[in-house]
Amino acid sequence: MNIRPYKETDKDFLVSLSTRFAESNLMGWRDPEKMEEAQLKIAKESLNDPSPGTEIFVAEEETGELLGFIEVKPHKDFLSGIEQGNIVAIAVLSKGEGKGVGKRLMEKAEEWAHQKGYHQIILNVFAMNDRAVNFYKHLNYETEVLKMVKEI
């Protein structure tokens, strides 16, 4: 498996894979169809007009088959002013799960952050996405902030 920088020819793959973000468990008030639409929109906007410093890395087999991607960008912590790396998105094809693809992409993000001089890397994940939360915990990520929601 190879982790390489994004190429324009990867665009359709990344957009199609972005729908995986809507597959996880969501709070009851979230409409899965609207989540999928929003994820497609976010992916297209990110690829067409990336924010400054954004980089995308793609996991591919030696055969050239694409397996997943990770998008990273600089972030400045609002409270401390500390510059951090931010994992904006990571997605792996279902057939690539459990084969180390996600771990390799996360390692690439950490390598990127280290090269940029960041001492921290952050990400957001839906609390009900147990598989992802446990994956990140296994990689020694810790929960810092929780968003609480109450339907009224």
For this session: Could you tell me which non-hydrogen atom of V133 sits nearest to which non-hydrogen atom of A127, and how far apart they are?
Result: CG2-O, 4.0 Å
Problem set entry | Partners passing side-chain contact (heavy atoms from CB on, under 4.5 Å) against E8 (at least two apart in sequence or in another chain) | Y6, K11
Exercise. How would you list, by chain and number, every residue that makes a salt bridge (charged side-chain N to carboxylate O under 4.0 Å, His left out) with K7, sequence neighbours excluded?
Worked result: none
Exercise. Hey, does M106 have a side-chain heavy atom less than 4.5 Å from the side chain of L123?
Worked result: yes
Seminar exercise, completed: Applying salt bridge (charged side-chain N to carboxylate O under 4.0 Å, His left out) to R4 and not counting sequence neighbours gives D10, E60
Side chains of residues 80-87: which donor-acceptor partners sit under 3.5 Å, not counting sequence neighbours?
from	atom 1	to	atom 2	distance (Å)
S80	OG	D77	OD2	2.9
S80	OG	I82	N	3.1
Q84	NE2	Q120	OE1	2.6

For this session: Please examine the side chains of L67 and L105, heavy atoms only from C-beta on, and report whether any two atoms are closer than 4.5 Å.
Result: no
Exercise. Shortest non-hydrogen contact from A109 to I70?
Worked result: CB-CD1, 3.7 Å
Seminar exercise, completed: Sequence neighbours excluded, the answer for salt bridge (charged side-chain N to carboxylate O under 4.0 Å, His left out) partners of E107 is none
Exercise. Under the side chain to side chain donor-acceptor pair (under 3.5 Å) test, which residues partner K99, sequence neighbours left out?
Worked result: none
Exercise. Residues two or more places apart in sequence or in another chain: which of them pass ring pair (Phe, Tyr, Trp, His ring centres under 6.0 Å) with F13?
Worked result: none
Problem set entry | salt bridge (charged side-chain N to carboxylate O under 4.0 Å, His left out) involving K116 - partner list, sequence neighbours excluded | E55
Seminar exercise, completed: With sequence neighbours left out, the residues meeting side chain to side chain donor-acceptor pair (under 3.5 Å) with K34 are none
Using distance only, find each side-chain donor-acceptor pair of residues 135-145 under 3.5 Å and give its atom names and separation, not counting sequence neighbours.
from	atom 1	to	atom 2	distance (Å)
Y141	OH	E110	OE2	3.0

Exercise. Residues in side chain to side chain donor-acceptor pair (under 3.5 Å) with T54, at least two apart?
Worked result: S51
Exercise. Please, which pairs that meet side-chain hydrogen bond (donor to acceptor under 3.5 Å, both in side chains) have at least one residue in residues 67-76, sequence neighbours excluded?
Worked result: S46-E71
Exercise. Between A59 and M1, what is the shortest heavy-atom contact and its length?
Worked result: CB-SD, 4.2 Å
Problem set entry | More than 12 heavy atoms of other groups within 6.0 Å of N124 CG | no
